[in-house]
Amino acid sequence: MEKRYLFTPGPTPVPPEVLAATAEPMVHHRGADFRVVYERALGRLQDVYRTRGQALLFAASGSGAMDSAVANLTGPGDRVAVVVAGAFGERWVKVCTHYGLDVQRLDYEWGEVPDPAEIGSAVAASGVATVFCTQSETSTGVVSDVQAIKAAVGDARLVVDAVSSLGAVPLETEAWGIDVAVSGSQKALMCPPGLAMAAIADDLWDVLPPSRTFYFDWRATRRAQEAFDSAFTPPVSLIKGLDVALGMILDAGLEAAFERHVRLGRATRAGLKAMGLELFSPDDDSSAVVTAARVPEGIEAPVLLRHLREKHGVTLAPGQGALKPSVFRIGHIGWFDVFDIASALAAVELALTELGADIERGVAVGRAFEAYEQRVAA
Ligand SMILES: *Cc1c(COP(=O)(O)O)cnc(C)c1O
């Protein structure tokens, strides 16, 4: 069997301890065996979110939590604002439009960093009560300053898509006053896909309109979770895995995770630049989740990705939307270390050479290690 390498920003590699937990014999979800795991996992989830508010858990991919946020926070015809700077900002627009909202788009070019002050002025001018944004726009590698966005939108509620950022870059949900932050299991949380979560600020509960979704009803979910029960049959095996993964993250410390992600981003950028490639994502420490780069002239990104997968067993992520022909992405969230980055870079270098690009061989990995070795100033 050929060895396979997964260097995508979701699903991400899953540690063996987590996989082992998901393979344990089944237990009944209303019994004492499961209750212990559920209670611990929910507590750990609050710790990773850095909130004492409720963190709800759903059987869904990350988009399920996004859907739940729109369906629980809004009524038909409500005016909302959405910050759009990539594929996942567009997803907020699609969900909001599906639920019949009047959407004020705050558009940025893909790859541009949204400007909190500009967002604040636009929200003040329109007077919308709810703003949706994306902390880590996985399609471009841009990480927004959601603390500054929350400060800028004043009394408007801020709903943050933290699907690829929770556990990778700082998110002080409670301290920053983030009203809702949604996430998913298959990115920095080092789990298989299938769990979605939403952290909800305490003061929202009294003002929620009736839920427009039955399955993702926040009140019903909260009532069940408060008794360490679940509204429906939960994905028991995934929750066992999540419990172990969150325990690993918290044992090593969130600050250590944030620092590792910054250094992995530096290593990836240094290596790609050493190959002479042009970065698409920002060339600074904010870009700690995924690195997007342009292919050299004359080589199509889908051809590079197919070559990597078929010839070398290496999976990288494609560009999204209009970036598909020209951009590829290397993920470095969750269970990644510098050797993963070295392997990904070495594979890109080899594949590009095989496809006829003029790349200086043997430099990228060295540069990546040099960049990784620099400590991040506290
Ligand atoms: C992965 C991701 C999602 C959710 O995608 P699902 O496929 O539904 O899990 C949402 N937002 C961002 C920024 C993501 O990276």
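The shown structure was predicted, so the numbers you read here are calculated from the model rather than taken from an experiment. The chain is numbered in sequence order, starting from 1. One-based numbering, in listed order, for ligands and for the atoms of each.
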Nearest-contact summary for atom 11 (N) of ligand 1 - protein heavy atom, Å: D161 OD2, 2.6 Å

Checking a contact table here: which protein heavy atom is nearest atom 15 (O) of ligand 1, and how many Å away? T138 OG1, 2.4 Å

Which is it for K187 and ligand 1 at heavy atoms under 4.0 Å: side chain, backbone, both or neither? side chain

Starting from atom 5 (O) of ligand 1, what is the nearest protein heavy atom, named by residue and atom, and what distance separates them? R91 NH1, 3.4 Å

Rounded to the nearest 0.5 Å, how far does CZ of R309 lie from CG of L304? 11.0 Å

Nearest non-hydrogen protein atom to atom 6 (P) of ligand 1, with distance, is S61 OG, 3.4 Å

How many angstroms lie between atom CH2 of W335 and atom CZ of R260, to the nearest 0.5 angstrom? 10.5 Å

A student checking ligand 1 against S136 at a 4.0 Å heavy-atom cut-off should list atoms 13 (C)

In terms of hydrophobic clusters joined by side-chain contacts under 4.5 Å, are L57 and V163 together? no

Just which atoms of ligand 1 are under 4.0 Å from any heavy atom in S63? 4 (C), 5 (O), 6 (P), 8 (O)

Side chains of S136 and S165: is there a donor and an acceptor less than 3.5 Å apart? no

For ligand 1, find out whether one of its N or O atoms is nearer than 3.5 Å to an N or O atom of Q186. yes

Mind checking whether Q135 has a heavy atom under 4.0 Å from ligand 1? no

Using a 4.0 Å heavy-atom cut-off, say whether S165 meets ligand 1 through its side chain, its backbone, both or neither. neither

So among L158, V160, D115, I178, which one has a side chain to side chain contact (heavy atoms under 4.5 Å, CB included) with I149? L158

With a cut-off of 4.0 Å, which atoms of ligand 1 are near a heavy atom of G62? 4 (C), 6 (P), 8 (O), 9 (O)

Taking side chain as C-beta onward, heavy atoms only, is K273 less than 4.5 Å from R367? no

Do you see a donor-acceptor pair shorter than 3.5 Å between the side chains of T130 and R79? no

Subset of ligand 1 atoms that lie under 4.0 Å from at least one heavy atom of S164: 15 (O)

Please assess Y372 against E370 for the test side-chain contact (heavy atoms from CB on, under 4.5 Å), listing each intermediate value before the final yes or no. CA-CA 5 Å; Y372 185 77; E370 279 166 27; over 6 Å; no

